Structures are given as C-alpha cells and as structure tokens.
There are 2 protein chains.
Amino acid sequence: MASRSGHANERTDDVVAQIKRLLTASNQRLTRVRGSVIEALRGAGRPIRVDEILAVTPGLSQSSLYRNLAVFEAAGVVVRIQSADGRARFELSEELAGHHHHLICTRCGAIDDVALPDDIEQRLDGVLADVAAKSGFSMEHHRLDVVGLCRHCR
Amino acid sequence: MASRSGHANERTDDVVAQIKRLLTASNQRLTRVRGSVIEALRGAGRPIRVDEILAVTPGLSQSSLYRNLAVFEAAGVVVRIQSADGRARFELSEELAGHHHHLICTRCGAIDDVALPDDIEQRLDGVLADVAAKSGFSMEHHRLDVVGLCRHCR
DNA sequence: CTTTCTGCAAACGATTTGCAGCAGC
DNA sequence: GCTGCTGCAAATCGTTTGCAGAAAG
C-alpha cells in the first residue's frame with residue numbers, strides 16, 4: 001500500500017483515471033490486459049522486470065507485455081530503466097508515482113524507491129541546470145541513484 | 001595519489017601505470033590489443049559504444065573487445081553504462097577519470113561528462129547516505145545524470 | 001462492422017562463448 | 001613450453017515484429 005507520491009493515500013481511482021487520460025491522449029485504449037499490467041506495476045512499488053510482471057499476471061503473453069510497455073512508455077505512463085544485468089525494469093512514471101530516486105544493490109541487483117527532501121531537490125536542480133547550461137545543454141530533469149548494498153546483502 | 005580529476009593534462013603514464021596495477025591485481029595482462037582499447041577510451045573523454053571503439057581500433061575483433069571490456073570492468077578499469085537504446089557505453093572508471101556525472105540527450109542519445117562543485121557533492125553524499133540508511137541500505141556511491149537536450153538537438 | 005489488441009512463432013541485434021591458433025612471460 | 005589472449009563463427013538471450021484471430025467501441 002503506502003502509495004508513494006507524497007500524499008498519504010492517493011486514491012486508486014485517481015491514478016487509474018490519470019492513466020486512462022494519458023492513454024486516451026495517445027489514442028490508446030485501457031483494455032483488460034493493460035489494466036492487469038498496470039496493477040502489477042502499482043503493486044510492486046519499485047521498478048520490476050518483464051519476467052516479474054509475467055509471474056503475477058497469469059495468461060499474459062510476453063509479446064503483448066512488451067508491446068504494452070512500449071505503448072505505456074510512449075504515453076508517459078511508465079518509465080523504462082536499463083539495469084546492469086541487461087534486463088530492463090519498468091515502473092509508473094513520476095507524473096503518476098511522484099518524483100523519487102533509486103537504491104540499487106550492487107550484489108543482488110534489487111532496486112527500491114526513495115525520496116529526498118524537497119529543499120534538497122530544488123537546490124540540486126538549480127545547480128544542475130546551471131552546470132548543464134555551461135555545456136550548452138538544456139536540462140529537462142535529473143536522475144539520481146544511490147548505489148550500494150541492500151538490507152539483505154550487506 | 002595526487003593526480004586526479006579535473007586537470008586537463010593528467011599525464012598519460014600515470015593513468016596507464018594505474019591501469020596496469022589494477023589489471024595485475026586481477027591477474028590480467030596489459031597486452032597490445034588491450035592497450036589500444038584503453039587508448040580509444042581515453043581519447044573519447046565520454047562514454048562510448050562498442051561500435052565506436054571498433055571504428056577507431058582497426059583490426060580489433062568484436063569478441064575480443066567485449067571480452068576485454070568485461071575484464072576491464074571486473075578489474076575496476078572501466079564502467080559499463082546501459083543506455084536507453086540498448087547498446088552499452090563504456091568509459092574509464094572514476095578512480096581513473098575522477099568523479100563526474102553525465103549529460104544525456106533524450107533526442108540523439110549522446111552522453112557527455114560534467115562535474116559538480118565539491119561542496120555540492122559532499123552535501124549531497126551526506127543527505128543520500130542518510131536517506132539510504134533509513135531504508136536499511138548502505139551507500140557506496142551515487143550516480144547522477146542530467147537528462148535533456150544537447151547543444152545540437154535543442 | 002471497423003479498428004485496435006492479442007497471442008503465437010519467427011526474426012532481430014547486442015552480447016557471450018567454444019574452439020584452435022598465437023602472443024606474452 | 002605453459003598459460004593466457006585473440007579471432008572466427010556459432011550460440012544465447014532479451015526484445016521486436018508479421019500475421020491471423022479476438023476484443024473494444
């Protein structure tokens with residue numbers, strides 16, 4: 001539970017409604033199959049792999065999953081994370097789940113979510129936009145990972 | 001080791017000597033082929049792909065390159081970066097190239113290096129280690145990317 | 001009904017690996 | 001000479017795609 005995104009209990013319907021809106025804006029339907037993929041992602045609360053989604057979604061074909069994840073990504077519903085082991089991980093976009101970062105375990109590869117205080121984020125964004133601009137680069141957003149050992153591996 | 005980060009003209013011998021040390025510590029030789037791969041990486045100054053390394057290293061076979069990159073990675077000489085397009089990029093480790101971050105272009109996929117002021121880095125590390133610990137996670141280091149549009153794509 | 005989704009199986013492309021010959025020490 | 005490194009070609013594996021039938025509106 002513990003829906004992320006800051007607010008203690010963001011209602012399920014809100015998120016689903018927003019997803020529907022995002023899909024509609026991309027001329028895509030929210031079918032039953034797609035709904036089950038969304039549920040798998042919401043239930044995880046961290047970036048998960050294709051095989052993990054398949055494991056909790058009986059009857060879902062791998063190709064449909066990949067195709068739907070691509071649709072979701074294009075619509076801004078999910079974000080794809082290329083992890084070190086070559087298998088991509090997916091999670092709901094920050095627009096839906098709130099801005100956050102990742103704790104990445106170097107031993108087992110697990111990834112979990114974590115958030116920073118708002119004031120830190122703001123100062124960081126200021127510095128980054130500034131440094132980027134000096135390289136002729138216009139920043140859209142940042143991505144920050146903490147690399148180390150998870151609770152189980154240390 | 002004095003030489004590190006920032007200075008435009010870090011002496012070749014220092015870096016190569018350190019690489020040799022790292023390889024020796026992993027029971028690996030610094031052969032002529034491996035030397036040419038190192039040169040390709042040093043010349044780039046940013047994370048580059050396998051095909052880019054092959055392009056500037058005539059006669060190098062693809063399989064040897066992949067094998068050597070794996071050896072380098074295990075020895076701490078290079079770091080592998082999984083980029084969004086599925087093709088990995090490689091660059092000298094921070095131990096050799098100094099701590100830095102990446103500017104990632106969402107349009108053309110180019111990646112460039114950038115550094116932040118030391119005081120920012122230190123404050124950030126403090127906050128991150130703290131937040132990570134609250135999740136039972138022990139931080140080794142952080143990874144920070146600026147995502148946006150490069151000089152050519154904006 | 002028409003269009004979009006879905007599952008199956010085949011295709012793809014980056015990366016890995018088995019093997020025989022060559023290079024480093 | 002022994003051991004490790006290299007190149008070639010074949011294998012692997014995550015992901016993508018063509019196609020025909022099923023579901024959504």
Side-chain angles (χ1 to χ4, degrees), chain A residues 16 19-41 47-75 77-91 109 111, chain B residues 16 19-41 47-75 77-91 109 111:
Chain A
V16 173
I19 290 173
K20 195 157 199 166
R21 219 174 300 134
L22 286 169
L23 286 175
T24 301
S26 294
N27 294 315
Q28 296 290 340
R29 299 169 182 165
L30 181 45
T31 64
R32 205 175 321 148
V33 171
R34 289 179 178 175
S36 66
V37 175
I38 296 292
E39 278 320 299
L41 291 167
I48 55 178
R49 299 187 310 263
V50 163
D51 61 283
E52 294 178 301
I53 300 175
L54 289 172
V56 298
T57 315
L60 173 61
S61 97
Q62 201 181 49
S63 61
S64 291
L65 175 52
Y66 274 113
R67 244 183 297 234
N68 285 328
L69 288 170
V71 167
F72 290 165
E73 193 182 9
V77 173
V78 311
V79 173
R80 175 191 305 245
I81 297 161
Q82 284 292 132
S83 58
D85 67 354
R87 289 174 294 179
R89 288 164 186 262
F90 300 84
E91 72 174 348
I111 304 184
Chain B
V16 172
I19 290 173
K20 196 158 198 166
R21 221 173 300 133
L22 287 168
L23 287 174
T24 301
S26 294
N27 293 316
Q28 295 290 339
R29 299 169 183 166
L30 180 46
T31 65
R32 205 176 322 147
V33 171
R34 288 179 179 175
S36 67
V37 175
I38 296 292
E39 277 320 299
L41 291 167
I48 55 177
R49 300 186 309 263
V50 162
D51 60 285
E52 293 178 302
I53 300 174
L54 289 171
V56 298
T57 315
L60 173 61
S61 96
Q62 201 181 50
S63 60
S64 291
L65 175 53
Y66 275 112
R67 244 183 298 233
N68 285 329
L69 289 170
V71 167
F72 290 165
E73 193 182 9
V77 173
V78 312
V79 173
R80 175 191 304 245
I81 298 160
Q82 284 291 133
S83 59
D85 66 354
R87 289 174 295 179
R89 288 163 186 263
F90 300 84
E91 73 175 347
I111 304 185

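Protein chains get the first letters and strands the later ones, always in sequence-line order, with residue 1 at the start of each. Keep in mind that this is a model prediction, so the values were computed, not measured. Heavy-atom basis, side chains included; hydrogens, waters and symmetry copies ignored.
Among the atoms of the strands shown, none is found under 4.0 Å from any heavy atom of A:Ala70.
Taking only side-chain nitrogens and oxygens, A:Ser61 comes nearer than 4.0 Å to OP1 or OP2 of C:dG7. The shortest distance between the side-chain N/O atoms of A:Gln82 and the OP1/OP2 oxygens of D:dG14 is not below 4.0 Å. Note on B:Arg32: every side-chain N or O is 4.0 Å or more away from OP1 and OP2 of C:dA23. Between B:Asn68 and D:dT6, a side-chain N or O to OP1/OP2 separation shorter than 4.0 Å is present. At least one side-chain nitrogen or oxygen of A:Ser64 sits closer than 4.0 Å to the OP1 or OP2 atom of C:dG7. Neither OP1 nor OP2 of C:dC8 sits under 4.0 Å from any side-chain N or O of A:Gln62. At least one side-chain nitrogen or oxygen of A:Thr31 sits closer than 4.0 Å to the OP1 or OP2 atom of C:dT6. Listed pair A:Tyr66 / D:dT15 meets the phosphate criterion, a side-chain N or O lying under 4.0 Å from OP1 or OP2.
Rounded to whole Å, the distance from CZ on A:Arg34 to P on C:dT4 is 11 Å. As rounded to whole Å, 17 Å separates atom C1' of C:dT15 from atom CD1 of B:Ile81. Between B:Gln28 atom CD and C:dG24 atom P there is a gap of 15 Å when expressed in whole angstrom units. Rounded to an integer number of Å, the gap from CZ of B:Arg29 to P of D:dT3 is 11 Å. For A:Leu69 and D:dT15, the CG to P distance is 10 Å, given to the nearest whole Å. If you measure from atom CZ of B:Arg87 to atom C1' of C:dT16, you get 18 Å, rounded to the nearest angstrom. Residue A:Leu23 contributes atom CG, which lies 12 Å from atom P of D:dG25 at whole-angstrom precision.
B:Arg67 contributes no side-chain N or O that forms a donor-acceptor pair with the base of D:dG4 under 3.5 Å.
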